[in-house]
2 protein chains.
Amino acid sequence: MRTSIATVCLSGTLEEKLQAAATAGFDGVEIFEQDLIVSPNSPEATAALAAELGLRLDLYQPFRDFEGVDEEQFAANMARAEAKFQLMKRLGMTTMLLCSNVATATVDDDDVVVDQLRRLGDLAEGYGIDVAYEALAWGRFVSEYDRAWDLVKAADHPRIGTCLDSFHILSRGTDLSRIAEIPGEKIFFLQLADAPSLSMDVLSWSRHHRVFPGEGSWDLTDFLARVAGTGYAGPVSLEVFNDSFRQADTQRTAVDGLRSLRWLEANVSAVGTDGAHVGLDLQPLPQVAEPRGIDYVELNTDDLGALTRLIHQLGFRFVGFHRTKPHVQLWQRGQARIVVTEPAGPCDEFTTVTNETTDPAEEAAALAADSTGSGTFLRGIGFAVDNADAAMERALLLSATEVPRDQAHDEEVLRGVFAPDGSEVFFGDGDGEDPQWTDEFGTVPDDRQSAIDHINLAQPAHHYDEAVLFYTSLLALTALPSQDVPSPSGLVRSQVMSSADGAVRMPLNVSPDHSPNALGRGVGSTAETYPEHVAIACDDIFTAAMTAVARGLKFLEVPQNYYEDLAARFDLAPELLDRLSEHNILYDRDDEGEFLHFYTSTIGSVFFEMVERRTGYRGFGAPNAPVRLAAQHRRNTES
Amino acid sequence: MRTSIATVCLSGTLEEKLQAAATAGFDGVEIFEQDLIVSPNSPEATAALAAELGLRLDLYQPFRDFEGVDEEQFAANMARAEAKFQLMKRLGMTTMLLCSNVATATVDDDDVVVDQLRRLGDLAEGYGIDVAYEALAWGRFVSEYDRAWDLVKAADHPRIGTCLDSFHILSRGTDLSRIAEIPGEKIFFLQLADAPSLSMDVLSWSRHHRVFPGEGSWDLTDFLARVAGTGYAGPVSLEVFNDSFRQADTQRTAVDGLRSLRWLEANVSAVGTDGAHVGLDLQPLPQVAEPRGIDYVELNTDDLGALTRLIHQLGFRFVGFHRTKPHVQLWQRGQARIVVTEPAGPCDEFTTVTNETTDPAEEAAALAADSTGSGTFLRGIGFAVDNADAAMERALLLSATEVPRDQAHDEEVLRGVFAPDGSEVFFGDGDGEDPQWTDEFGTVPDDRQSAIDHINLAQPAHHYDEAVLFYTSLLALTALPSQDVPSPSGLVRSQVMSSADGAVRMPLNVSPDHSPNALGRGVGSTAETYPEHVAIACDDIFTAAMTAVARGLKFLEVPQNYYEDLAARFDLAPELLDRLSEHNILYDRDDEGEFLHFYTSTIGSVFFEMVERRTGYRGFGAPNAPVRLAAQHRRNTES
């Protein structure tokens, strides 16, 4: 499948955008006119740069407000079109996007529009240019893709075709069945964007909130399958207007975009298409099922005593040191495993970074690892998957960067990649129960019913959508609806990535925008200002709490006002309320069951939660999150 | 007028919110339940703190999902209400907000609702509590204020009244005439919020985008006048859910809120009300007309040579040094005046900060001035007003902080206040032509037709709405519709504050959120990453450009692609295009006239623009702004 991206998706100058698209691996770009106008480089120089980078210049866009006008206006519009055709010739470009008229259309007459399109086609013929006519969702008279197609069909001109844009079609909820009527060769261009479900005017929605496929709520797989079914053989291009992407790192956004297309291509390849999809030459990816569980979480620390004391208070048992990496140790509570790593040199970490490489991607990864500095922070997560090799291969084909790793040759080979937030994602074969690599630490019996319930991660603000796609496309997790949680310093956006059975649950959090936007872990990272946490599931929260108290744990304190409000909201026995209050345990209930949980204080950028789920409760105690955030805020401002 | 504010408007802990409300000068607060629940202080301690701060606890809110339910649910709801009444008693509170049922209403029957309200009234009677019933705009069955009033009227219970909330009423566009039917004493509470015109679902609009009166697009003066006309004598309270306010500085937001109420009170006082407005005891403010012009702009610099060379290139003439402040000099071009100040000690600036004070507000101002540090930046603006004393008095009554100033006793007394972005706003009597204070610098004849056309200011992101209200309420400027301008590093929000005749025009800009959020000027300020500029009007841009070139000016370079696009867009004579291109002059045209302008490079955080307006053009060349932003971005990333 030929991939393309509109320059308007990316931040930076035109030259930076072209460089980023090429480095990410796109086959071509759409030139957004504004980017060209503000560039000091001549059209010829821009064409030369694209050629040097191996990028096709697939589409010149947008040409606006052309058709459905009176003859005087039409003459002016033809002059304007010819100026752009001349410019395109200098760029060596052969396809122009024509948007349906928004501002100047006065004539809503098919015959007039068809005639004007045909005359534009005649002009375009002289320059060897194809014109792709697209219905904007807010077009004055033409706002539906099938009306645009009817007009193109009636024009019956070899230089006039249509452009399908998923945003303009799916935002209106138009019936998609007529896509199948369009011959693939009359679709001159295909633009894809996804979008979150928002109830707002379509123009604002389009200009600010588009995202890459897989990051919104639309079924782009179905959409692309339909277009593939027509025999369309042109580029599949991203056209996304997004306030965050406009200010995020250009290169990262380009990689995120390409990942969305590779993922979509593989999806369509897997489901098949109705007809002649040979045109798109769809490539599959190794298929992965959602993870079967979490093998381990790895915490980096420069305060080993405090961290291990805290997890010991939570009932974790020391298993052993890694047999060849003395600064790495394993702690376990049932099936909940925490790998604790001290930053004692590049060869001593569980997931070791080697610095001998000269490969640019690996160097970047090494740099990322270097920049994490010291402190206690969540370094990575090990996922139990059906086929770790396939998962890793898929991840790399989805442009993830591999975590460099050393291991003795008789050890388990765990391979992994960097997530958008700088944490490491490792793949291990198995179902999350007693994975083989734990032999490297020795073993202790531990029959407690316990596991990692969920891991709460902090995301840098402008890489949130990227994170959703990352976990969806690499790990087959599903994004649940997002929520806003009030904290004393602003609203926290929270969205859970989950496997269907709940064996893996990861709430992703974006804290208010005064947080650092840093990628990577440790000092200066987002996690530093919005701490992350590991939640441990247990089958008796009171026993866990009493054990913890006996071992000296100081809970995050829950105000008495909270328990009084609980009493007003739920019909709870006074003894239960007293026990909750005594151990600073929070409570929630829904139609499925009950949820009891307590929090520890924070070390570095990490704290812990102990949770007990009763019957079918599937949430995370969202009503209690503001209580936690306020208590943490208070601790921070008091200390 | 008794003022109040809901704690949900403000960031921080409950204690921080109460402190901020009291310091700003509010008479009372609404306690938002969530703030109480997450507080470790007992209700009694909270009541004691409020008493100590001199704050009334005006309203406990919200109580939700009560009425329109079956008897079993009703019994549970009554138990819930009683728990809250008990809590309110401990707080010493006597008014509770009851929101119309959203989640649990199943019975849409007036008789049932009226009966349930009445039984709630009976319960409330035992606690001496008034219940204010409010129609939420998204209430299940009750969503209009007049329906809520009809139900309250039918309940006919001394403890049941209504609450009017401008958001829920104005967001639905309901006819306001029935407000006059409600006796003032049955309005148990009044909540005010403004909002920008947005086309989105009303719940999201309400929860994220409310602003203080005067910061949105609604006519709150009319609304409050109508309520005042009923004889309502209770508090006028702000209830604003706003993502920015939730993360902005608590104290500043509280001051901003109080300013909005004082401004609104004076507006209503000025227009009068239909009836018994004696209830609200409305206090007027000294009225001010919009400024008649800009007297001067003051630039701070640590690079006097570069700055004065640049303005000399633009045709400014040196007038003289200030007679008693040797580090202050005046440059002039027609009626455009630039005061240039070197930071040479606290006693040598044009607007001098004294450090001898022990007044807290002045100390804060001194600190603000100290923190501005060095660099070339826009320090302040002098406005020509009809009555400087009245303007200053009004500013202080609107909680602005005065800029401390020394002057010899025979000098003009210019007084001023700090704007939200840390710049200084000075008031001078006159019409902006040859103000008297220029005598302090000596005079040179200058008969060129020139003036300050506009001043482009950078605003810290979370204080944008505050800035709009500041300039509206203190200077009677009008906010024009906001626009988004694309730059290589994100969208820039831009909104023009203007006087009706255009004598004062100030585009306010909020740059993408990676910019510092700092208040104050100089190093670390928003202006540092998003430079500000002063635009000078001239009557012949080509002469101005040639003079500038002769004096060595280097223009901000405009790409050739821009001129080729101009040629495609406008029917311009080739000679004119060549002249524009030669001098890097940008061009725009609309139905009113033409606009020609060029930019200089940036010194510190300031650059200049020279503009020529032909016939009635009133804009700012918005289509050209991306060209400027891209060129500036390129300079920054290359240097």
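Each chain gets a letter, A, B and so on, in the order its sequence line appears, and its residues count up from 1.
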Item to check | For A:Tyr464, ring-ring contact (aromatic ring centres under 6.0 Å, His included) partners two or more places apart | outcome: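 Residues passing ring-ring contact (aromatic ring centres under 6.0 Å, His included) with A:Tyr464: none at all.
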
Item to check | Partners meeting ring-ring contact (aromatic ring centres under 6.0 Å, His included) with B:Phe555 (sequence neighbours left out) | outcome: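 Only B:Phe598 meet the ring-ring contact (aromatic ring centres under 6.0 Å, His included) criterion with B:Phe555.
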
Item to check | Full working for ring pair (Phe, Tyr, Trp, His ring centres under 6.0 Å) between A:Phe74 and A:Phe66 | outcome: CA-CA 7 Å; A:Phe74 183 72; A:Phe66 174 79; 5.3 Å; yes

Item to check | Contact class of A:Glu564 relative to chain B, heavy atoms under 4.5 angstrom | outcome: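 Side chain only.
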
Item to check | Side chain / backbone / both / neither for A:Asp484 at chain B, heavy atoms under 4.5 Å | outcome: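 For A:Asp484, the side chain is the part near chain B, not the backbone.
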
For each of [options], tally heavy-atom pairs with chain A at distances under 4.5 Å, and name the one with the top tally.
options	value
B:Gln560, B:Glu82, B:Lys84	B:Lys84
B:Glu15, B:Arg628, B:Lys17, B:Arg569	B:Glu15
B:Ser42, B:Pro559, B:Ala76	B:Pro559
B:Thr250, B:Asp565, B:Leu566	B:Asp565

Checklist entry - Checking B:Glu16 against chain A: side chain, backbone, both or neither under 4.5 Å from a heavy atom? => result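 The answer is the side chain of B:Glu16.
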
Item to check | Side chain / backbone / both / neither for B:Ala79 at chain A, heavy atoms under 4.5 Å | outcome: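 Looking at B:Ala79, nothing touches chain A.
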
Item to check | Plane angle bin for A:Tyr127 and A:Phe85 - parallel if under 30°, tilted between 30 and 60°, otherwise perpendicular | outcome: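 If you compare the ring of A:Phe85 with that of A:Tyr127, the planes turn out tilted.
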
Checklist entry - Counting only heavy atoms not in B:Glu44, do more than 12 fall under 6.0 Å of its CD? => result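 Enclosed: over 12 neighbouring heavy atoms sit under 6.0 Å from CD of B:Glu44.
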
